[in-house]
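Read the numbers this way: they start at 1 and go in the same order the structure lists the ligands and their atoms.
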Amino acid sequence: MLRHRFTLETLLALWIAATVICCPRSIDAASPAGGERPNILFVFCDDHAYQAISAYRPICPHNIPLNYTPHIDRLAHEGMRFDNCYVTNSICGPARAVIQTGKYSHKNGFCCNGNRFDGTQQTFPKLLQKVGYQTAVVGKWHLGEHMPPQGFDYAEVLIGQGPYYNPPMLRNGERVEHTGYTTDIITDLTLQWLEKKRDPAKPFLLMYQHKAPHRRWDPGPKYLTKYDDIAIPEPATLFDDYQGRGTPAKTQDMSIARTMDDQDLKMVPPPKLTPEQQHTWEAAYEPKNEAFRQAKLEGRDLVRWKYQRYMKDYLRCIASVDENLGRVLDYLDRTGLVDNTVVIYTSDQGFYLGEHGWFDKRWMYEETLRTPLIVRWPKRIHARSVNKDIVSNVDFAETFLDLAGAEVPGDMQGRSLVPLMHGQTPSDWRKTFYYQYFEFPGPHDVRRHCGVTDGRYKLIHFYEPDVKEWELYDLQSDPYELTSVYGHPMYGKEQARMEKELERLKKELEVPDEDPPQSYLGGMERYRKAVERIHQRRKEFEK
Ligand code: CA
């Protein structure tokens with residue numbers, strides 16, 4: 001069945017590609033600096049997996065239809081879908097710091113959530129201000145409250161993670177209370193900025209950044225019962241046994257079976273609801289929760305129930321994101337801003353939707369190495385185009401500067417995507433990509449690792465003192481990454497090539513031999529305790 005679906009969707013993808021080749025629209029190919037500089041609307045979600053965008057269905061390895069996102073899909077139909085957008089470090093705060101600076105974590109100093117972002121350093125919004133852009137950020141910032149977001153003429157941001165309901169926010173540093181659903185509120189504020197605060201004499205950068213669909217996955221009042229009557233398809237690896245991989249996959253703490261708590265599973269309502277919100281919430285969840293309690297599920301049945309509860313809430317949060325994006329796109333249409341506004345849809349990283357039995361992110365495995373990236377720019381990008389080059393969130397800052405006709409500083413580590421948007425990938429574009437994750441000890445006990453991929457092969461190195469392990473995957477023969485072929489004689493040549501490439505990239509990107517000291521949050525004592533916990537779990541796994 002899976003194979004059959006794959007074939008159909010491959011045909012669909014080919015058809016879309018053929019449409020692009022056969023029916024080119026008139027596209028202005030002049031450099032952006034030569035004409036009117038475009039506005040930049042950066043639509044940013046938190047933990048939005050590409051598997052949960054219907055426009056990405058043709059490339060999902062598990063190939064299961066999860067949801068329908070008409071407004072995000074509209075951007076793909078009218079613009080370009082990037083199929084291989086990788087993040088340098090698959091975790092929230094660090095990914096944001098990479099975007100702000102155009103530099104890897106070891107260069108911008110923000111390796112782990114909990115590090116302090118140095119807002120005094122060079123960031124792309126500051127550089128856009130210098131060339132005359134009006135800049136604003138609305139929504140989730142998540143780079144700390146020790147200083148307001150730097151480089152913005154206007155900022156209204158959540159405090160830390162922020163709640164899904166009734167969020168206090170910081171408006172240019174001053175606390176403001178809001179009542180309502182956060183995804184709706186962030187959109188209201190975004191539209192208010194466009195309507196009332198935008199300076200029509202200047203091009204703008206507007207960062208419209210949702211909290212959703214981050215963990216706790218609290219849906220909005222409108223969608224509390226969406227998907228109640230259907231079953232979400234399960235991924236093939238929901239009951240992964242982690243054979244074929246090393247210690248880290250076996251000793252993580254991010255499984256649907258073991259790690260999800262009562263908050264995740266909506267056994268308790270979100271905090272600080274108004275009486276009306278509380279009533280609506282309980283009317284939706286109490287009957288479902290009572291049915292669950294009566295069923296007294298165990299074993300795989302319990303995991304299946306948790307998966308359904310998780311996925312439905314996650315997808316409900318995305319339904320609000322998609323609906324609200326529609327409001328913003330309508331505004332651009334209505335006001336004529338559409339033609340000269342580049343709209344970018346992306347997330348800070350991907351997410352596991354039950355693949356390998358997991359939720360959360362962090363790993364270099366495909367689901368979280370990737371993030372969705374869709375760009376619409378009616379004047380310059382052909383509708384329904386698809387790009388397959390290896391691009392990254394380390395390229396975003398450079399791209400935005402290029403769009404504005406500003407100089408890209410030499411110490412940024414990515415490259416502008418503007419030529420790719422024109423369908424003209426430079427011949428020396430990257431063919432391989434370096435990844436590094438630092439946050440151990442940290443939530444979910446995912447070990448530190450680095451690695452390299454060329455899109456076909458992926459080499460991963462877990463490099464801590466007690467777990468020096470390597471994994472190598474052939475994504476063509478093993479798209480789900482179930483069996484490492486590291487050390488297999490058949491892959492000797494590829495392994496040697498990837499090992500050499502890893503060293504080359506580390507030199508090129510100036511990766512230090514030792515991880516930055518600030519990445520050891522809580523010091524070495526916390527580290528030692530986390531390793532002990534892992535070793536205990538390893539013993540349990542082996543029983
Ligand atoms: Ca995130």
Side-chain angles (χ1 to χ4, degrees), residues 42-53 56 72 85-101 104-105 108 110-115 117 137-145 149 157-164 167 182-183 186 207-218 252-254 259-260 263-264 310-311 313-318 320-322 325 344-355 358-374 392-394 396 435-440 442-446 519 521:
F42 184 69
V43 188
F44 195 50
C45 278
D46 194 317
D47 295 355
H48 191 173
Y50 70 97
Q51 309 94 295
I53 293 176
Y56 270 100
I72 304 172
C85 183
Y86 299 154
V87 296
T88 67
N89 180 0
S90 187
I91 184 75
C92 307
R96 288 155 197 270
V98 168
I99 291 169
Q100 286 291 311
T101 61
Y104 272 74
S105 306
N108 67 42
F110 198 96
C111 298
C112 307
N113 281 331
N115 281 160
F117 181 64
V137 56
V138 178
K140 186 164 178 179
W141 173 244
H142 203 209
L143 284 170
E145 282 75 49
V157 293
L158 295 173
I159 301 165
Q161 294 281 1
Y164 271 102
T182 300
T183 304
I186 289 171
M207 302 186 84
Y208 163 45
Q209 311 203 137
H210 287 298
K211 172 206 172 54
H214 192 274
R215 188 180 185 188
R216 244 222 70 128
W217 315 296
D218 291 330
Q252 42 63 38
D253 183 24
M254 54 187 273
T259 314
M260 281 190 169
Q263 291 204 41
D264 300 329
Y310 158 45
M311 282 307 300
D313 287 337
Y314 179 88
L315 298 174
R316 287 164 183 149
C317 291
I318 291 168
S320 281
V321 167
D322 189 69
L325 173 65
I344 298 101
Y345 189 92
T346 188
S347 169
D348 58 351
Q349 17 58 216
F351 215 65
Y352 295 95
L353 306 182
E355 298 93 347
W358 292 340
F359 64 98
D360 211 70
K361 50 254 180 179
R362 301 164 196 275
W363 303 93
M364 197 191 170
Y365 303 130
E366 285 295 288
E367 290 83 355
T368 49
L369 174 63
R370 287 164 184 271
T371 200
L373 175 64
I374 297 171
S392 167
N393 59 351
V394 79
F396 293 177
Y435 177 87
Q436 188 167 12
Y437 172 77
F438 299 88
E439 199 175 293
F440 181 87
H444 303 300
D445 288 344
V446 173
S519 71
L521 283 168

Under 4.0 Å between a Lys/Arg side-chain N and an Asp/Glu carboxylate O for Arg215 and Asp47?
no
In Asp348, the N/O/S atom nearest the Ca ion (ligand 1) carries the name OD2
Do His142 and Gln161 have side chains that approach each other closer than 4.5 Å (heavy atoms only, starting at C-beta)?
yes
Report yes or no: does Gln349 have an N/O/S atom closer than 3.0 Å to the Ca ion (ligand 1)?
yes
Could you check whether Lys211 pairs with Asp218 (Lys NZ or Arg NE/NH1/NH2 to Asp/Glu carboxylate O, under 4.0 Å)?
no
What do you get for the angle at the Ca ion (ligand 1) between SG on Cys92 and OD1 on Asp46, to the nearest 10 degrees?
100°
Among the N, O or S atoms of Asp47, which one sits nearest to the Ca ion (ligand 1)?
OD1
Residue list, ring-ring contact (aromatic ring centres under 6.0 Å, His included) with Trp358, at least two apart or on another chain
Tyr242, Tyr352, His356, Trp363
